[in-house]
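Input: a single structure, listed below in structure tokens.
Everything quoted here is computed from the prediction, not taken from an experiment. Computed from heavy atoms alone, side chains included, the values below leave out hydrogens, waters and symmetry copies.
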Amino acid sequence: MKKIGVIGCGGTIGPIICSYLSSEPDFCKYPENFRWKHLDINDDEELSDFCGECDVVLNCAGPAYVLFEKVALASARAGAVYVDVTDALMFND
């Protein structure tokens, strides 16, 4: 099973994404396979550790152009697939 990390799952889009991924209709409840982890995306080591645990990183915290591609680069360094759910910026390299 792939491990999907959702950054920003406490915001507006994140809970919807988590609910969809878990097929749970109630956005306030998460299944047993959900693990909540606090992450400060401005802490490079914390971000790197988080991305290193994931096969796929879904960025719901904000578009890459606002975060200066910080999450995308950390995901790439960790070998994880990066997805910006805002579709504001394509990051392919």
Side-chain angles (χ1 to χ4, degrees):
M1 175 182 270
K2 297 276 185 193
K3 196 167 190 182
I4 300 171
V6 180
I7 297 177
C9 64
T12 303
I13 298 172
I16 297 168
I17 298 294
C18 290
S19 177
Y20 177 78
L21 289 172
S22 66
S23 300
E24 176 67 47
D26 183 355
F27 295 158
C28 297
K29 295 179 183 177
Y30 294 103
E32 290 179 16
N33 65 348
F34 178 87
R35 183 172 56 111
W36 181 270
K37 181 177 182 176
H38 179 268
L39 171 65
D40 178 359
I41 60 173
N42 294 311
D43 182 322
D44 292 338
E45 185 175 339
E46 209 173 299
L47 179 60
S48 177
D49 290 345
F50 178 85
C51 292
E53 296 176 11
C54 303
D55 297 304
V56 178
V57 175
L58 299 178
N59 178 15
C60 300
Y65 76 88
V66 172
L67 300 174
F68 305 107
E69 301 172 348
K70 183 178 202 83
V71 179
L73 292 172
S75 299
R77 283 192 292 271
V81 174
Y82 172 78
V83 179
D84 186 334
V85 300
T86 65
D87 198 28
L89 178 68
M90 299 288 290
F91 187 82
N92 296 320
D93 296 326

Looking at residues at least two apart in the chain, or sitting in another chain, which of them share a salt bridge (charged side-chain N to carboxylate O under 4.0 Å, His left out) with D44?
-> K70
Going by the side chain to side chain contact (heavy atoms under 4.5 Å, CB included) test, name the single residue among L73, N42, V57, L39 that passes it with L47.
-> L39
Could you tell me which residues satisfy salt bridge (charged side-chain N to carboxylate O under 4.0 Å, His left out) with E46, sequence neighbours excluded, listed by chain and number?
-> none
Given side-chain contact (heavy atoms from CB on, under 4.5 Å), test C9 with W36 step by step and report yes or no.
-> CA-CA 9 Å; C9 64; W36 181 270; 3.4 Å; yes
How many angstroms lie between OH in Y82 and CD1 in I7, if you round to the nearest 0.5 Å?
-> 8.0 Å
Can you name the nearest heavy-atom pair linking S75 to C51, along with the distance?
-> OG-SG, 3.7 Å
Please say which of V6, N59, V85, L58 ends up in a side chain to side chain contact (heavy atoms under 4.5 Å, CB included) with I13.
-> V85
